[in-house]
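Everything on this sheet refers to the single structure shown next.
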Amino acid sequence: MSALLQISGLEAQYGLTKVLHGVDCRVEEGGITTILGANGAGKTTLLRAVCGMVKTSGSILYAGQRIDGKATEDIVRLGIGHVPEGRGTFVALTVEENLRLGAYTRKEKNKVAQDYERVHRYFPVLLQRRQQQAGTLSGGEQQMLAIARALMLGPKLLLLDEPSFGLAPIVVLEIFEIMRTVNQEEGVSMLVVEQNASLALNLADHAYVLETGRIVLDGPAEEIRGDDAVRRSYIGY
Amino acid sequence: MVTSTVTPKTIKSPAARTAWLNGRYPRVAAMAVVLVVAASLPLVMSDYRLFQFTLAYIYAIALLGLNLLIGYNGQFSLGHGAFFAIGAYTTAIMIDRWDIGYGWTIIAAGAICLVVGFLFGIPALRIEGMYLALATLALALATPQFLKYHLFEGWTGGVQGIVIDKPEAPFGLPLNPDQWLYFFTLAILLLAFVLGWNLVRGRTGRALVAIRDHRIAAQSMGINTALYKSLIFGVSALYTGVAGALSAIVIQFVAPDSFTLFLSIFFVVGIVVGGLGSITGAIYGGFFIQFVPNIADAISQAAPWAIYGIFLIVFMLVMPLGIAGFLAILWHRLIMGRLASDGNEGHPTET
Amino acid sequence: MESFLQQVVSGLATGGIYAALALALVMIYHSTNHLNFAQGEMAMFSTYISWSLINAGVPYWIAFFATLVIAFAGGVVIERLIIRWVEDAPVLTVVIVFIGLLMIFNSVAGWIYSYDIKVFPSPFPDQPIQIGTLYLGPHDVGAIAVTLIVLAILFLFFRYTSLGLAMRAAAENPESSRLVGIRVGRMLGMGWGLAALIGAVAGMMVAPIVFLDPNMMAGILIYAFAGAMFGGISSPGGAVFGGFFLGVTENLAGSYIPFIGNELKLSVALVIIVVVLLVRPSGIFGKVTVSRV
Ligand SMILES: Nc1ncnc2c1ncn2[C@@H]1O[C@H](COP(=O)(O)OP(=O)(O)OP(=O)(O)O)[C@@H](O)[C@H]1O
Ligand SMILES: [Mg+2]
C-alpha cells in the first residue's frame, strides 16, 4: 500500500503560540486513519493544516504532490473533502443549495447527479428538508448535511472532524456505518478525528494519539485498542 | 497591582520591566508631559492656531462620549451631531435670550442632552446594528430641518442662526478671550477624560463591554442591560452636548447648516480613526477632525475631499484598529523587542 | 380624491427611484455582506461616464451598455485594490473606508465635471401617459421598468446559477466556501462589480429626473437605505416595498398635513419608519435573526 497523505515534521501556529510540534502521520490509499487526543491537543489544527487553513511549516504530501502552502480552494480541488469542526453549513442557504455547493467544482453532470441521489440514500432526511434553510435544521441534521456536502465533492480523501458530535447514539452508529460503506465501496480514504475512541478504532485501520501537539503513540487500530493507557484515557474502561 | 509600586531602580528581570512598562507610571508620566506641553501652547501659538486647537479639544470631548456608546457599548449612532446641535443651541439661546452666564449654560446643555439621550436610548433598546444606525441617522437628518422650521424661528433664529459674544477671562486673569477659552476647554476636556477613564475602568465599564460582546450572557448574569444601555446613551449625549455648548461659545455662532449629517459622520470617522474603545483615541480623533481637512485643502484646492477620502482609506488600511490601536501595537513591539535583546544578552545560548 | 390619486402616483414615481436603489443595496448586501455607503456616489460617477459618452456622440443604448461594462470593471477593481485588505477588519473600519470612497468619488466628479447641474437624456418618449384623469410620466414608468428588469435578471442569476449561488455562499461564509473550492476573493470582486453595475443602471434612470450633479445621489441613497431597512434588509421584495412606501408617504405628508409642508416631509417619513422599526425591529418583511450565546 502507498500513502495517499503523508505528513512529516508538521508544525503549526496561531499568532505566536505553536500548536503542533513536528507531527508525522499518514493515511494509506483506501485506508482510514484516526487521530485521538484530549481537548486542545491540536487535532482540529492538524486537519485545518492539511487544508491550508493555518500557517504551517513541514511538508504535506498528497498523492505524491506537495500541498503545503497552497490555497485552501486549490487543495480542495485536488479531491480533499473536509467536514469541519462546528459543521460549517451555509445557514442562510437551503439544504439543496448547500449540497449543490458541495459539487461546485465538479464538471461531470452525470456523476454529480448520481452522487446527489446517493447522499440522499444515505441521509433520507435531507431529501425531506430539501427546501428548508440549513440554519433551521436540528444539530444532528446539520451534521449529516455537512458530511453529505463533503461527499458531493466526490473526494478521494475525506477529513472528518468529530463526525459524531451532537448526534444521538443510534445515529452515530448509522453514520459510522455509512462511512464504512463509502470507504469500502468507493475507495474513499479518510482521516477521522473523533472523541468516541472505541468507535473510531473500530472503523479505522490505523491510529495516532496526539498529545499537546506531538504524536505520542501510533500503530494499527487493533493494537492501539489493546493499549492499556489508551483504554484508560480515551475509552474509559 | 503590585508591580506598579515598584520603582524603576529596583526592576531587574525583563518580565518585571514589561509589567512596569505596561503599568501606570509610563502612562501618568506621558500624560503629565502632554499636559505641560498643552498648557504652554498659548505662549507660542497665534490666537487663530489656539482657536483651532480649542476646537480639536471640543471634538475630542464629543468623541469621548460617542466612543463610550459605540466603542464600549457597541451601540452604533450616526446621529450624535443632533446632540452637539442641542447643546450648542441650548447655550446660544440661553445667552442670547436670557443673558445667562456661559458656565451655567454648559451645565444646562449637558443636563438636557443627558435627558434627551436617555429618553432616545429607551426605544433604541429595541433595535440594533444597522437599524439603530438608521434611527439615529433620522435624528441627524431631522435636526437641521427642525432648527430651520419656521414655527421655531423665534427661538432658533431660523436659517440665520444666533450670534453670541465671546466671554472675557474672569478674575482679571492676564489672558485674551482666545487664550482663556483654550484653558477653559482644556480643563473640561481633562475632566471629561478623567471621568471617562474612571467609568470604563470600573464595574460599569466591564458591564458595558459585556453587553457589547455577549449581550445574552450579560443578561443572564444579572446585568440590567436595558438600564445600562439607555444610561450610557444619555451619558454619551451629555458629553456631546457639552462639546456642542463649548463650540457655540468658542465659535460665537450657531446655525442649522453647521449641524448636518456630515457632522455626525465626521464624529464616527473621528472615533474609528482615533481608535474604537480607547479613551485616548478620542483625542487623536479630535485632531483628525479638526486638522486633516485643512491639510487636504492645502494639498489640493481642486478636490480636497478626494484627498481627505484617500487619507481615510490609507489610515484604515494601515491602522485598521485606529491610531490608538496602532500605537498600542507599536508600544507592545517596542517592549517585546527590548526584551528579546535583553534576553539575548543575558542568555546568549537561548533562542 | 383625484388630486389624492395624483399625489399617490407621483409618490410612486419617486418611490420607484428609492426602490431601485434600495434593491441594489439589498443585492449588494447579499453578495458582499456589506451595506455600501459609497454605492450612491459610484452610481453618480458611472452616470457621468455615460454622460461623457453620450456627449461624444455615442447613441444612448450603446453608451448605456458600455457604462455598465465600465462600472462592473470599476467595481471589481475597487474590491481587489482596496476592500480586500479590510475584509477581516471590524465593521466600522470598513464603513470608514466606504465613507472615504464616497468622498473621493464625489470630489473627483466635481473636479472633472464641475458642480454645475447637467441635463441627462431619457431614452423614453416625452408625451405623458394618460389613464383616465391621471397623468404618468413616461420616463418614470420606463425607469421603473428598466430597473425591475435588471433586478429580475439578477434575482434569477443569484437564485438559479451556480455562480450566483457561489457568490452568495462566499458572502455568507468565506471559510466554508473555500472548503468547497470557491475562489472567495474572485466572488467578492464580482459582487462589487455587480453592485456597481446595478448602481449605474439606477443612476442613469434617476439622472433625467433629478438632473446630473455630483450630489444627486446623496439624498436618494438615504431614502434607499431607509426603504431597504424598512422592508427588511434580508428581503429584496421588502426593499422594493419600502422604497415605494417611503415615496408615497413623503409625498402625502408633504401635501396633506398642513404644518409639515416641504420643510419637514423627510423628517416625517423617517420618523414613521423609525416608529415602525420599533414595532418590527427587523423590518416589515425581514427575517428575525436568532441570536445565541
Ligand atoms: N484560532 C486560534 N487562535 C489561537 N489559538 C487557537 C486557535 N485555534 C485553536 N487554538 C489553540 O490551539 C490548540 C489546539 O486547538 P485544536 O482546536 O486543534 O484542538 P483539538 O484537539 O481539536 O481540541 P477539541 O477536541 O477540543 O476539538 C488549543 O490550545 C487552542 O486553544
Ligand atoms: Mg477540535
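The sequence lines fix the lettering, A, B, ..., with proteins before strands; numbering per chain opens at 1.
- You'll find the side chain of A/Leu93 reaches within 4.5 Å of the side chain of C/Leu165, heavy atoms only.
- The shortest distance between side-chain heavy atoms of A/Met152 and C/Val180 does not fall below 4.5 Å.
- Atom CZ of A/Arg77 sits in a crowded spot, with more than 12 heavy atoms from other residues, nucleotides or ligands closer than 6.0 Å.
- Of the possible polar contacts, none joining the C/Arg178 side chain to the A/Thr72 backbone as a donor-acceptor pair under 3.5 Å is found.
- Contact of the A/Val91 side chain with the C/Glu172 side chain is registered, since non-hydrogen atoms from C-beta on lie closer than 4.5 Å.
- Sorted by first and then second residue, the ring-ring contact (aromatic ring centres under 6.0 Å, His included) pairs with a member in residues 70-104 of chain C read C/His34-C/Phe98, C/Phe98-C/Trp192; sequence neighbours excluded.
- Few gaps surround CZ on C/Phe158; more than 12 heavy atoms of other groups in view lie less than 6.0 Å from it.
- Proximity to chain C (any heavy atom under 4.5 Å) is shown, for A/Arg87, by neither the backbone nor the side chain.
- When all heavy atoms of A/Gly88 and C/Ser176 are compared, the closest pair comes out as O-OG, 2.7 Å.
- A/Met53 has its side chain within reach of C/Leu179: a pair of non-hydrogen atoms, C-beta onward, lies under 4.5 Å apart.
- Side chains of A/Arg48 and C/Glu175 form a contact here, defined as non-hydrogen atoms less than 4.5 Å apart.
- Within residues 98-116 of chain A, the residues having any heavy atom closer than 4.5 Å to a heavy atom of chain C are A/Arg100, A/Leu101, A/Gly102, A/Tyr104, A/Thr105, listed by residue number.
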List, one per line, each side-chain donor-acceptor pair under 3.5 Å for residues 33-43 of chain A, sequence neighbours excluded.
{"residue": "A/Thr33", "atom": "OG1", "partner": "A/Arg26", "partner atom": "O", "Å": "3.2"}
{"residue": "A/Thr34", "atom": "OG1", "partner": "A/Val192", "partner atom": "O", "Å": "2.9"}
{"residue": "A/Lys43", "atom": "NZ", "partner": "A/Gly37", "partner atom": "O", "Å": "3.1"}
{"residue": "A/Lys43", "atom": "NZ", "partner": "A/Ala38", "partner atom": "O", "Å": "2.9"}

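- Close approach to chain A, defined as a heavy atom under 4.5 Å from one of its heavy atoms, is seen in no residue of residues 76-84 of chain C.
- Counting heavy atoms of neighbouring residues, nucleotides and ligands inside a 6.0 Å radius, atom CD of A/Glu117 does not exceed 12 of them.
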